Amino acid sequence: MGFFQDTLPIFKKRELSFLESYKEAEDVYTFLFEKEKDLTWKAGQHGLFSITHKTIKKSIRPFSVASSPTENIVKITMGISDDPSDFKKAMLELKQGMKVSMSGPVGSFYLKDNSPSLLIAGGIGITPFRSIVKQIVAEGNGVQKQINLLYIDSKKSYIYKDELDGIASNPSISVTYLYSRNDLHQEIDKFTTLNKNNGKYFIAGPKPMVDSISAHLKNNNISKRNIKKDAFIGY
Ligand SMILES: Cc1cc2nc3c(=O)[nH]c(=O)nc-3n(C[C@H](O)[C@H](O)[C@H](O)COP(=O)(O)OP(=O)(O)OC[C@H]3O[C@@H](n4cnc5c(N)ncnc54)[C@H](O)[C@@H]3O)c2cc1C
């Protein structure tokens, strides 16, 4: 049931109207689109975005929706280097009112219960977690949940930092900024020692990082069924 619910929206394609974009940090840009009334998603899910204003090869990419549904806007944030793909060049050309299309949102990367949850973000992998923690604050039911967000970035370029610092004043959400893999492992180990398989583990970021953290969790006897992964292929 859950699988179909989380997957079937892939067949639902709609056009989104572009509002604005801005630089979030060095080589990182945010794009905002209008949210139609009937569009919703579970905080943490991703959409499949297509370029429609010109013809390019490989015109579709998955992106996590970084806004929560309660924000009434569709926000995506992506890394764009000096020599970007045609897809990302086309994103930078968008002007107000132009359209991209989105299928979904889809995926099972969202909180399903009130288990203590460890959210582990590597760099740009913070996007689905911004949506998740924003939603918890908006629902005002944070007291029932214990959320520990570990955010690692080797360049210490933490996007959304001001917002996340504000969110961390919520008693049930903690945010820890890290830059070394050693420190990350220590923080993970603290959580696994305390919560073992009563906890849920979410990892998002570049695929090699997601795979290595998942292996670390399994070494700590965390069962595969308690680990959810959003592996950002292409980085
Ligand atoms: C479920 C899911 C959710 C995702 N969510 C997001 C998201 O929220 N934000 C996001 O940015 N991406 C996200 N991605 C990844 C996204 O879909 C693209 O694959 C990714 O952004 C790469 O884009 P690109 O192929 O256009 O390449 P570009 O980023 O333009 O890169 C072009 C080429 O340069 C190389 N390159 C780029 N940067 C580097 C680097 N730092 N070091 C070495 N080589 C580099 C790449 O290998 C690539 O071949 C998600 C993927 C999945 C599966």
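For ligands, and for the atoms within them, numbers begin at 1 and follow the listed sequence. On a predicted model such as this, the values are computed, not experimentally measured, just so you know.
With side-chain heavy atoms closer than 4.5 Å counting as contact, directly or through intermediates, the hydrophobic cluster containing L217 also holds L118, I120, L150, I152, L178, L184, I188, F191, Y201, I203, M209, V210, I213, I222, I227.
For K161, the salt bridge (Lys or Arg N to Asp or Glu O under 4.0 Å) partners at least two apart in sequence or on another chain are D165. The salt bridge (Lys or Arg N to Asp or Glu O under 4.0 Å) test applied to K12 returns no partner, not counting sequence neighbours.
Contact residues of ligand 1 (protein heavy atom closer than 4.0 angstrom to a ligand atom; sorted by chain and number): H46, R61, P62, F63, S64, T77, M78, G79, P84, S85, K88, I124, T127, D230, A231, F232, I233, G234, Y235.
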Mind running ring-ring contact (aromatic ring centres under 6.0 Å, His included) on F129 and F109 for me, showing each step along the way?
CA-CA 10 Å; F129 297 134; F109 200 77; 5.6 Å; yes

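Between E71 and R130, at least one side-chain nitrogen of the basic residue sits less than 4.0 Å from a carboxylate oxygen of the acidic one, meeting the salt-bridge criterion. A salt bridge does not link E26 to K155: none of the charged side-chain nitrogens sits closer than 4.0 Å to a carboxylate oxygen.
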